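A short worksheet on the structure shown next.
Each ligand, and each atom within it, is numbered from 1 in the order the structure gives. Since the model is a prediction, treat every value here as computed from it, not as a measurement.
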Amino acid sequence: MSASIIQIKNLYYTYSTNKKNVPVLHDINLNINHGEMIAIQGKSGSGKSTLLYLIGGTLKIKQGEILIANQNLCKLNSNELAQFRQKTLGFVFQQFHLLSHANVLENVLLPLSYSSTPSSTSATTFNKSNQISTILPTILNTLGIQDVVSHFPNELSGGQQQRTAIARALINDPQIILADEPTGNLDSKTSNEIITLFKELKAKNKTIIIVTHDNEIAKECDRIYHIQDGIIIEEITNKIAYQNNQTFLSNIATSNIVASNNGQQNEQNKQSFNSKYNILNLLSSVKKNLKQNKIRTLLTMIGITIGVASMISMVTLGLFTKSKVIESFSELGANIVNFNGYRNWELKASDITPVMFESFSYEKDLLPLKRIFPEIMAFTPTMMDWNVTVTHGANILEKDIRLNAMSADGWNIIEHKELLKGKYFNNFHVDDKSAVCIIGFDINKNLFKDDDSLGKIISIKANGDSQFVCKIIGVLKETSSNKDWLKPNNTIHLPFTFYLGNSRNFWQSQIRQFLIKTNPDADIELFGKKIKLFFEKKYGISGKFFIGYDSALLSQMEKVLTLFTIILGVLASICLTVGGVGVANMMMVSVAERYREIGIRKAIGASDQSIRLLFLSEAIIICFIAGIAGLFFGIVIYESIIFVASSFIPKIQFEWVFNYWALSISLISIIIVGILAGIIPAIKAERLQIIEALRAE
Ligand code: ADP
Ligand code: MG
């Protein structure tokens with residue numbers, strides 16, 4: 001019983017502010033025994049509070065030592081100190097220091113939300129009502145605040161507020177209670193009630209240190225220390241108090257004041273409840289604060305909403321424009337290279353080349369490409385004939401008829417290929433050099449009128465008197481092209497092998513051109529250059545190789561439009577940054593306004609992390625809600641723009657666009673802005689010295 005619980009050795013303390021040092025405590029040595037009630041008295045400014053806060057681990061010890069319950073406070077880090085406060089100490093202040101936006105019950109329960117070491121073992125079997133039904137009612141009844149649990153501090157008398165604060169100090173069943181002028185703001189009648197409370201606590205074996213001017217309290221203490229200018233000038237052992245306490249003890253021995261710890265089980269239960277309570281408590285305090293400053297929060301959120309809305313709409317519109325422009329300029333598509341090779345007619349006899357280039361060989365030149373360049377998804381030789389006559393029976397078509405010969409892979413590459421009926425030719429047709437063809441919509445219409453064309457044989461006269469017949473196995477749907485000279489509805493598609501075998505025109509009967517479709521990620525310009533280099537190495541100057549005009553131009557256009565989209569995105573991210581600065585600013589103000597709250601939370605055991613988490617989650621929740629609204633408005637904005645554009649520009653049709661790129665960039669930005677906007681205020685809140693925070697009003 002008389003083992004010392006608090007030992008203070010050679011303790012000095014100096015406040016350092018603005019390069020000025022204020023020495024406050026000088027060589028304090030104290031020994032306080034378990035179960036003692038101690039009074040500290042002295043003039044205002046003598047250092048009493050400083051000493052109390054040092055004992056409470058809320059001020060960093062700079063010189064000397066404090067040992068409490070066998071723990072050396074100097075050796076604990078800030079987390080361990082928070083845990084120590086939470087488990088071992090209960091603070092009671094002159095100004096009560098209740099959270100004004102929380103009711104009595106919430107204030108009393110606040111320390112539970114900062115319990116460490118959550119245990120999951122009994123989480124399922126234990127519940128909140130169990131906790132409340134064992135410890136809480138006893139405390140509330142003892143302190144006489146059971147009828148005001150749903151009141152807010154400004155609805156309570158000073159005495160009730162201080163009782164609430166004491167209940168809060170007791171909820172974790174601490175060994176030590178530190179009270180800084182607990183009756184300083186109370187009338188004498190209420191003071192007496194509080195004194196009685198402290199006596200009851202002492203009877204329950206709590207160690208109590210009370211800083212007080214009130215001699216009525218001091219009289220009841222076992223010992224009184226007098227401090228003057230930071231030095232203990234007097235220690236009075238109070239025999240009367242001791243005797244008083246003995247009689248008091250026997251009087252109340254039967255009454256149940258504070259629920260004591262019911263062993264291991266109860267401790268575990270308490271902790272599992274606490275870990276659940278943590279998140280709920282965090283969310284509810286975030287909600288409360290945001291509600292508290294509705295208009296400010298709303299205005300701040302508008303900044304984020306605008307930023308996110310511009311982000312998603314600009315990026316989506318940029319990418320949308322890009323795809324539309326490329327679509328309208330290309331008959332092929334963005335990731336297709338049109339590659340050409342010709343014999344170099346200017347080659348002199350003296351020019352030595354390893355292999356002479358005449359034309360591409362499907363087996364030797366084209367097939368190996370797929371192995372060498374993994375970005376190739378499909379390729380096809382292509383031969384176009386623009387001077388074609390097609391006949392069926394007595395019907396002849398000879399104006400603007402086109403012929404296109406390719407491999408079965410070609411169907412994966414070319415545009416204007418949707419089937420109306422029948423089927424495409426496949427690899428077997430190509431290998432077999434089958435005499436089959438797929439005809440365009442207009443050919444079908446003009447040659448067959450309403451008759452069924454599938455299976456019919458048509459006769460084709462092509463360049464250089466080549467003449468052959470083939471069977472129609474498919475008809476394409478009607479389609480429109482951006483290019484006048486391309487006549488997709490008047491085109492006949494043939495297997496290139498069949499065409500090569502039947503063409504009598506030297507120029508047309510060789511492979512000089514092929515199309516390659518790359519995977520969407522490949523840089524088409526670079527890829528084209530690589531192919532070109534490959535053939536130049538192989539054939540030297542005997543061949544001339546070049547990339548089709550379309551693909552080169554498109555590739556450049558694509559890059560310009562990508563740049564355009566990036567610029568839009570950067571502009572939008574500036575908007576978003578401004579919004580984020582708004583949130584950070586609001587959070588800074590909020591930290592400044594809530595100094596006292598932060599101090600209270602820390603004093604009752606909130607770790608630095610939990611304070612950081614509180615402010616960080618506020619910022620993130622604000623950004624998230626505003627961001628979701630921004631996404632919604634952004635989609636409305638860009639869809640409206642597309643709608644307006646579609647009514648002015650006939651080429652553009654209204655459509656619902658969801659660009660996953662734009663969406664994910666916006667979502668990621670929301671999270672980043674939330675974290676960045678919260679982190680500085682959160683760190684500021686975390687760094688706050690408890691004693692300064694509590695002194696702020
Ligand atoms: P008491 O509680 O006995 O009235 P305090 O411990 O609050 O005294 O203060 C002791 C001395 O330290 C006072 O002179 C006060 O002005 C000074 N002091 C307190 N807090 C600070 C601080 N944060 N920075 C500088 N000086 C301080
Ligand atoms: Mg003081």
Side-chain angles (χ1 to χ4, degrees), residues 6 8 10-30 32 37-64 66 73 78 81 85 89-98 158 161-162 165-166 169 176-186 191 194-195 198 208-218 221 223-236 591-592 594-600 602-604 684-697:
I6 300 172
I8 301 175
N10 310 109
L11 183 71
Y12 289 79
Y13 194 82
T14 302
Y15 286 104
S16 316
T17 45
N18 302 336
K19 294 164 200 157
K20 213 179 77 186
N21 288 336
V22 185
V24 176
L25 296 178
H26 306 277
D27 199 16
I28 303 284
N29 287 284
L30 280 182
I32 296 168
M37 183 147 87
I38 302 292
I40 298 174
Q41 292 198 297
K43 282 193 193 127
S44 180
S46 56
K48 307 180 296 293
S49 296
T50 307
L51 177 60
L52 202 69
Y53 286 119
L54 280 164
I55 296 171
T58 62
L59 268 181
K60 202 172 154 39
I61 298 162
K62 295 170 184 169
Q63 197 184 342
I66 299 181
L73 294 199
S78 73
L81 276 175
R85 279 197 294 278
L89 295 181
F91 269 106
V92 179
F93 309 92
Q94 177 178 2
Q95 301 86 346
F96 321 132
H97 286 322
L98 299 174
Q161 289 189 54
Q162 194 58 301
I166 294 172
I176 300 168
I177 291 164
L178 304 177
D180 194 354
E181 303 189 26
T183 59
N185 283 1
L186 302 176
S191 293
I194 299 292
I195 294 167
F198 278 112
I208 304 166
I209 303 178
I210 306 174
V211 167
T212 186
H213 289 295
D214 189 341
N215 289 329
E216 292 301 311
I217 297 190
C221 292
R223 273 184 294 157
I224 302 165
Y225 289 100
H226 276 278
I227 292 193
Q228 190 178 314
D229 298 330
I231 301 166
I232 297 180
I233 51 160
E234 192 180 17
E235 178 187 340
I236 302 166
V591 169
R594 287 153 76 194
Y595 268 7
R596 203 177 62 95
E597 177 191 334
I598 298 166
I600 296 168
K602 282 190 172 186
I604 61 173
K684 189 180 173 199
E686 178 195 314
R687 295 254 170 92
L688 213 58
Q689 283 279 350
I690 296 170
I691 189 160
E692 285 161 28
L694 286 178
R695 278 180 183 152
E697 254 322 307

Where does ligand 1 get N/O contacts under 3.5 Å from the protein, atom by atom?
residue, atom, partner, partner atom, Å
ligand 1, 2 (O), Ser49, N, 3.0
ligand 1, 2 (O), Ser49, OG, 2.7
ligand 1, 3 (O), Ser46, N, 3.3
ligand 1, 3 (O), Gly47, N, 3.0
ligand 1, 3 (O), Lys48, N, 2.9
ligand 1, 3 (O), Lys48, NZ, 3.0
ligand 1, 4 (O), Gly45, N, 2.7
ligand 1, 6 (O), Thr50, N, 2.9
ligand 1, 6 (O), Thr50, OG1, 2.4
ligand 1, 7 (O), Arg695, NH2, 2.6
ligand 1, 8 (O), Gly47, N, 3.3
ligand 1, 20 (N), Arg695, NH1, 2.3

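No hydrogens or angles considered: nothing links the side chains of Gln41 and Asp214 as a donor-acceptor pair under 3.5 Å. Asn185 and Gln94 are linked by a side-chain donor-acceptor pair at a separation below 3.5 angstrom, with hydrogens and angles left out of the test.
Although no hydrogens or angles enter the test, the distance criterion places a donor-acceptor pair under 3.5 Å between the side chain of Arg85 and the main chain of Gly57. Using a distance-only test at 3.5 Å, with no hydrogens or angles considered, no donor-acceptor pair links the side chain of Lys602 to the main chain of Thr58.
For the pair Val92/Gln162, a side-chain contact is recorded, criterion being any heavy-atom separation below 4.5 Å from C-beta on.
Gln63 is linked by a side-chain contact (heavy atoms from CB on, under 4.5 Å) to Tyr12, counting only residues two or more places apart in sequence or in another chain. By the side-chain contact (heavy atoms from CB on, under 4.5 Å) test, Ser16 is found to be paired with Asn21, Lys62, residues two or more places apart in sequence or in another chain being considered.
Between Thr212 and Ala39, the closest heavy-atom pair is CG2-CB, 4.4 Å.
A parallel orientation is assigned to the rings of Phe91 and Phe93, their planes being inclined by less than 30° (bins at 30° and 60°).
For a distance threshold of 2.8 Å, the protein N, O or S atoms nearer than that to the Mg ion (ligand 2), listed by chain and number, are Ser49 OG.
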